[in-house]
Amino acid sequence: MEQEWDSLLKASYQRSVQLQDLRNIIEEISGQIMWVNEREEEELVFDWGDKNIDAYIPQKQESFSKLMSELEQKEIQLNVLKSKVDHLLRNKHPASDKIQAYMETLQTQWSWLLQITKCINVHLKENARYSQFYKEASEMNSKLQKEHNNIRKNFSCDKSTALHNLLELLQGLERERERLTEQREMVQQLVLKSKSIVRLKPRNPDEKITGQNILVQALCDFRQDEKTIRKGDEGILKDNSERTTWQVTGPGGIDMQVPAVCLLVPPPNPLAVSLANKNSQYYEAILTVWNQLYINVKSMISWQYCLLDINRINSLTINMLSKMGPEEYSSIIRSLEMHFQEFKKHSQGSELFGAEDHKHIESQYTGAQQSYSKLVVDLPAYGQSALFLSRFPVLILNILNQDSMRSDLEQKQDLLNSLLVDLNKIQQFNEQTDQGRYRCIINLSQYAEHVNQLSDRWKRIQIQINNRSDAPSPTERLNYELELAVYSAGLETLLNIPIKRTVLQSPSSYISEEVSSLNAHYLELLTRSSDYYKLLMASQKNMEELKIRNTRIELLEEELQQLRDAIKDHNATNASLQEALLKYQQELNESQTHLLSLEEVKRTETLKCMTTQDSLDSSTNRLQEFTDEVRRLKLQLDEMERKKKVVVERYTFLQEEHDETMRKKLKELEQASWAKMELEKTVSDRTRELEHLRRELEDEARRVKEVQAELTKTSSVIQTSQYQCNSLQQERDDLLKKMAAMEQDMMCLKKLEDELSRIKLSLESELRLKSQLQEDNERIKQDFTQWKTKCATHEEQIRKHNSECSGQESKFNSVKAEMERLRMQLKESEERYRLLLQNLERERAEMQSLRDSQQNELLRLQRKPDGATKYTQTDLKDTSSLVFEGVRKKVTAQQLHDCDVIDKVTFEQLMNGQRTVEDVSVDIRLNLKGTGAIAGLAEGPKGKMTFTEAKKLKLISDESGNMLLEAQAATGYIIDPRANVRMTVEEACLNGLVDEADKKQLLTAEAACIGFRDPKTGKLLPVSQAMKKGIVNRETALRLLQAQEAAGGILDPTLSVYLSKDTAMDRDLVDEDLYQALNAKPDCYIDPDTGLPASYVTLKKRCKADLNTSLLLLPAAEKPMTVQGLRHEVSVSDLVDAKLLQPSDVYHLREGKITSQDIEHRLRAYLRGSTCIAGIYDEANDCALPIYQAMKEGLLRPGTTLELLEAQAASGFIIDPTNNEYYTVEEACKKGLVGVEFKDKLLSAERAVTGYKDPGTNKMISLFEAIERGLIEKGHGIRLLEAQIASGGIIDPKHSHRIDVDVAYQRSYFDEEMNQILKDEGDDTKGFFDPNTEDNLTYLQLKSRCIPDKKTGLVLLPLYDKKKMQQKNSSRKRRVLIVDPESNKEMTVREAYEKKLIDYETFLELSQQECEWEETVITAPDGSTSTAIMDMQTGIKYDLKELLDKGVIDQDVLDKYRSGNLTLTELADMITNKTKTLITSGGTSGVAAGLQTAAFTDAHICSLSFNN
């Protein structure tokens, strides 16, 4: 029976264990199935339609990314779960079929969820393309509309349009054609994209699909019962009324319900195609409009040229034609012919010319041709006489020289004969050679033709000489010569007529070509002149903007002066308050005197009352009346007291306002502190006197009450005499009158007392403030003394430390030897522990056998009913025997019950023996052992590495590694991931698992687990109490507690178990502050991968569990991500620390959502580029120059040049503004951008970018540190810092990028004093010179006067044309007056405009005629100058710089004025309107405070009157 009982017990225990395993595994699988189902439900109900697509696409992308991350983590959990299931199946669990069924269900749901994620990925891509297409299409439609309106509006013309305007329109149309060509490609791309856009409208349940055969495509495999649709199959959508599920006719005509997320409505999208085609048609329509306008402009230009040629020909006369050369007047008719042919060509299709216009121009063309032909025909007869006169002397000489001519001709005869012989020889030789030399034959024929012509001319000359010789007389010879000259002239004229000209080539054609080229060159010059004109207008506009900015600066300066005047007024007000205070003091003295007199009156009246008390023997009725009268007076007194309270409350309110005012004026009142002290002393004396008087009044009131009490006692004596009663009544009336008067005096006294109290309270508040300031001063002195003492102590400690260092070195060797000895001892201890462990195992076996025997004994006793009760009462287990293993020590069941780790039922089961410690330990394992800390790094030959080894190999930073080691120590043990061994900090140091240098830090962290030792009491303290006692700081405490919380809860150092935060707070393990801080989940640790702050839970989520040991290991750090900086690569984590990037950007960069090029482009101003002054803009020559070249051309002084170049070098690079290139100083010297005379100084300035070297330590230091150590002069350093700030930010030389000023100040790159200097635009920072105005400015102010280069966008300092600048200072003395039609009174132009008698244009025109404003230069007492405008009528001056500083005008207005786009009158009108608005709005701005009436200068008065 006992054996069977034992077997049943074992079977029962085994069954209970299996049942527990079944429950646990089913709960885990069910939980995972529920999680998968929840994710599935979220994705199935999501609407992938086109509603709010622009909003949900980025949100869905982010949520999809999170889902994929969760799936990766969940996959790890499922693998662990599967290993558990496989273990149970291998052990042949009784419910294996159930477990396997649950697991198969989970795997099915998991596979289905993965299929859905693939569908989501496709939807995200397709819907993103859908959204992007519609954005681009709508933008393109808007661009086309704008382009259409622009072409219609700007390129219309008619016959009245001037020729140069037509040429500009032609150039504009050609530019528009280039833009339209670019847009054509975009339109075609949209047309192509539209064919691949999916359809989203059918996804809307409200979209009716009846009658439409809408195809759908399956994105994944789906099976419903026996029906299956596979990925890529197409079907027909039948019903989309439900968002989550669609009815689809699949392959084979099978109807089935398919989740909508699994289906895609494929392209084409008719709406997208239609939209793209509409844009294409719109583009073609715009192109048609452009073609028509182009034809109109070209035809109009040809028509204009034709008219010019026709008018020129019609204006010719025979005299003008005779003065022209043949080619000159022939080119006129050729130009007409050419332009007429162009007109006929371009006018076809033109909207501006009809049939009548063509007939009219043809008739004009024919008439011009006829006029020209007539002139040319008449020209020879007109020229014969002139020709004869010009040739007559020549003819005489020819006649006289005939003999000499004949002799010369005979001498040349031999030369001609030899030439003919040579030509014949060459021709014969050429005929004998090869026939393929075509070029030689051509040249030979040409030479033969020339020789024949020469021979013919020779013969004609010989015949002419013979004819002249045959003439019988000189007269006949002369007639012959004259006829020959006339014939030659006529022949030459006829040859020059284009219509009758022979085939011979004329030089006029070359002249015509030259004229045409000159005409084209003229047109080109005309076009360029228009461009130059536009550029000149833009330059003038920029000059005006600069002028307006200067005016704004001057206005702001004027406002500053007015604020100073207001401060002076406040000081005067304070002085008047002091005078009023003295006046109140005098009144107080007078009131005191009056009070004394009232006291005297009161005494006399009191004596009278006391004498009348003896004679009060009136009747009871009279006494009652007297009592009623006294009661009435009391009521009046109460009423007066109530009013007094109201007055006191009112006074309190006024006093609070006064206190607020006094606090604001405390600085001004400090100057009068000594006078106030004297006044306080006087007031205190008067206060004591008043207190004395008040006490006397109180005594008198007490005596009056005593009298009233005696009156009640003497009621029996009152009945003595009626006569005395009457007299008493009379005296009572007199007394009442006197009492009324006395009450009035009391009221006055109370008022004076109130006034005195008010003054006293005011003085007391001032005294309190003064005492508070004194206390602050004393406290500061004490703090300074304490700091001084601490510094001395610290220096003493340093000296001691230096002395101890030598001793430590000597001890190091001994410590090393001691470590070797300890290692040997450790080996021996390990051997002893092994033997002890074997003994413990043996004892455990004995305990198990003893336990079995006790259970048998229990069963035996249970069979005895008589002794059952006794056994139950005595067999309750001792709680001390129920011991659990905690993190570092054992803990009893009673302790776990007290801290709510185990509930009451479990505790009773333990006490009754129904459950064992081992069973309960499984349930509360999280509290007993936790989930563990991060053990190490997944790196090294075995894939595991301690954090100490990772630090030595520079795989993680020292700070991050120490924090992770602290987390291990705070959660119980230092972990060796290779050996899977846990050690205390001491043991880890002995085994070399952690460095000795980190031991102290880790012992502090370990105290969070075992408790901090109170240095006074020796008690163990939890983290929160240790923090309160200053043993550990708050940051460290929060970091250690966060590691514990991530491991399972807050670790109780007394019990050595993990507790929830609420329980820990109840047990005073954490306070409210730490509780709230832990709930906020702060980033207390550093991610070894990115170097960014992260929470411990985040780091644990990134870990992977080792398959053999289940320890958590961080993945190996990836290669640091960097971008290109100013001089070298910059880490992305540095940019996050500098607040230039967000931590999410690093995540996106790691995920590939953005690239390093995207970051470099976004942070170009911080990483590469510079917005410093790049060069000079020479207005006179309209060109941009490098700064050094401007100095060589005499535009800049050497000092100004050096300042600007140093600012460039300190900002990163020397800039070439003409080529938009950036160079270092060395490269700039080689390129010739700077001279060698500036090289050393520029290299020094460049060290503000690359860093200065400390001569003592040879370390890199910043610009401010160089200023502090005297390596660079302070003023020079301030200029360089200011240039960096103005050009983008302070440059960090260590990290090679710019940072914002606030970040630089937080990093202590400069102190508070330097920060204040850089913020205040005082004289310390005005280290730059404006060559235009010769003002000393800050670099930022000088930049504000610069202009951007239109081509490169660089910042250029304009140098204005001095000739134009000198033309500004002018004034006219002319006055315009206007007569009011109603009152017939004269008024100024402004008054007429304000009364709306004239419009704004008339006002400006008359103001310019009147010219009451003049630009002048103001010289300050310190010698500085500024520009101002002055009203010549009133003498009022407005400083433009001060107005700009005060915001009356802005920089744009000033720039417009200086560039000439804004006249002096318009500027003055703007300023006066602004100042008038400030005055009427109740402000005390000093912009117009100096308005004064001034006499008119001698003026010419012009009156204008207006009729009703």
Side-chain angles (χ1 to χ4, degrees), residues 62 65-66 69 73 933-934 936-937 947 950-951 954-971 998 1001-1002 1004-1005 1008 1023 1027 1032-1047 1061 1070 1073-1103 1112-1123 1130-1151 1153-1154 1159 1163 1166 1292 1294-1295 1297 1299-1300 1302-1309:
E62 184 176 359
S65 177
K66 292 180 180 179
S69 301
Q73 298 176 2
I934 301 175
L937 204 66
F947 291 125
K951 287 196 303 179
K954 302 297 183 182
L955 296 178
I956 61 175
S957 64
D958 292 345
E959 185 179 9
S960 177
N962 291 337
M963 288 182 177
L964 293 171
L965 287 172
E966 282 182 342
Q968 289 184 3
T971 54
D998 301 331
Q1001 183 179 357
L1002 295 179
T1004 303
V1023 177
M1027 183 187 71
V1032 65
N1033 58 39
R1034 183 181 183 276
E1035 181 181 358
T1036 303
L1038 186 60
R1039 183 169 65 250
L1040 300 178
L1041 289 174
Q1042 188 183 70
Q1044 291 181 357
E1045 183 187 16
K1061 284 188 292 186
V1070 294
D1073 177 41
L1074 291 175
Y1075 183 85
Q1076 297 295 337
L1078 289 172
N1079 285 337
K1081 295 180 174 54
D1083 296 333
C1084 300
Y1085 291 83
I1086 296 177
D1087 190 341
D1089 191 5
T1090 63
L1092 302 177
S1095 65
Y1096 199 71
V1097 175
T1098 304
L1099 295 179
K1100 288 190 70 174
K1101 288 181 179 179
R1102 289 188 52 226
C1103 293
L1112 296 177
L1113 299 176
L1114 270 174
E1118 299 177 359
K1119 183 180 178 181
M1121 295 175 289
T1122 60
V1123 295
V1130 180
S1131 173
V1132 175
S1133 60
D1134 291 339
L1135 299 178
V1136 176
D1137 294 338
K1139 299 180 180 179
L1140 299 178
L1141 287 179
Q1142 297 295 329
S1144 59
D1145 295 327
V1146 181
Y1147 175 76
H1148 292 158
L1149 182 61
R1150 186 185 294 112
E1151 295 295 325
K1153 295 181 180 179
I1154 59 175
I1159 293 178
L1163 301 180
Y1166 292 92
D1292 186 347
K1294 297 179 182 178
H1295 300 99
H1297 63 81
I1299 54 178
D1300 293 329
D1302 54 348
V1303 177
Y1305 178 62
Q1306 293 172 3
R1307 292 187 175 182
S1308 300
Y1309 285 179

**Message:** For V1136 and Q1142: C-alpha separation, side-chain torsions, deciding distance, then whether side chain to side chain contact (heavy atoms under 4.5 Å, CB included) applies.
**Reply:** CA-CA 6 Å; V1136 176; Q1142 297 295 329; over 6 Å; no
**Asked** Got C1103 and L1114 here, is their nearest side-chain heavy-atom distance under 4.5 Å?
**Response** yes
**Item:** Smallest separation among heavy atoms of C1084 and M963, with atom names
**Value:** O-SD, 3.7 Å
**Prompt:** Which atoms form the tightest heavy-atom contact between A1043 and T971, and what is the distance?
**Reply:** O-CG2, 3.8 Å
**Asked** Nearest 0.5 Å, what's the CD1-CG distance between I1154 and L1141?
**Response** 7.5 Å
**Request:** Identify whether the distance between the nearest side-chain nitrogen and carboxylate oxygen of R1039 and D1083 falls below 4.0 Å.
**Result:** no
**Asked** Hey, does M1027 have a side-chain heavy atom less than 4.5 Å from the side chain of T1036?
**Response** no
**Item:** Side-chain donor or acceptor of E959 paired with backbone N/O of I1086 under 3.5 Å
**Value:** no
**Prompt:** Are any side-chain N or O atoms of K1100 and backbone N or O atoms of A1046, one a donor and one an acceptor, separated by less than 3.5 Å?
**Reply:** yes
**Asked** Between V1303 and D1292, does a side chain to side chain contact (heavy atoms under 4.5 Å, CB included) hold up when you go through it step by step?
**Response** CA-CA 10 Å; V1303 177; D1292 186 347; over 6 Å; no
**Prompt:** So how far is it from T1098 OG1 to L1092 CG, rounded to the nearest 0.5 Å?
**Reply:** 12.0 Å
**Asked** What heavy-atom pair brings V1070 and K1061 nearest, and what distance separates the two atoms?
**Response** CG2-O, 4.2 Å
**Prompt:** Do you know the tightest heavy-atom contact between V1032 and A1037?
**Reply:** CG2-N, 4.2 Å
**Nearest non-hydrogen partners of R1102 and D1087, listed with the distance** = NH1-OD1, 2.7 Å
**Prompt:** For the atom pair CG (L1074) and CG (N1079), what is the distance rounded to the nearest 0.5 Å?
**Reply:** 11.0 Å
**Request:** Any chance you could measure Q73, atom CD, to K1101, atom NZ, to the nearest 0.5 Å?
**Result:** 6.5 Å
**Prompt:** So, do Q1042 and V1097 sit near enough that their side-chain heavy atoms are less than 4.5 Å apart?
**Reply:** no
**Request:** Among N962, L964, D998, find the one that has a side-chain contact (heavy atoms from CB on, under 4.5 Å) with F947.
**Result:** L964
**Asked** What do the steps show when you test H1297 against L1140 for side chain to side chain contact (heavy atoms under 4.5 Å, CB included), and what is the final call?
**Response** CA-CA 10 Å; H1297 63 81; L1140 299 178; 3.9 Å; yes
**Message:** Tell me whether Q968 contacts the main-chain N or O of A933 through its side chain, where contact means a donor paired with an acceptor under 3.5 Å.
**Reply:** no
**Request:** May I ask you to test the P1088-L955 pair for a side-chain heavy-atom distance under 4.5 Å?
**Result:** no
**Asked** Is the shortest heavy-atom distance from the side chain of T1122 to the side chain of V1130 under 4.5 Å?
**Response** no
**Message:** If you compare all heavy atoms of Y1166 against all heavy atoms of I1299, which two are closest, and at what distance to 0.1 Å?
**Reply:** CD2-N, 4.4 Å
**Message:** Donor-acceptor pair, distance only, cut-off 3.5 Å: does the side chain of Y1096 make one with the backbone of I934?
**Reply:** yes
**Prompt:** Can you find a side-chain donor-acceptor pair between S960 and S957 that sits under 3.5 Å?
**Reply:** no
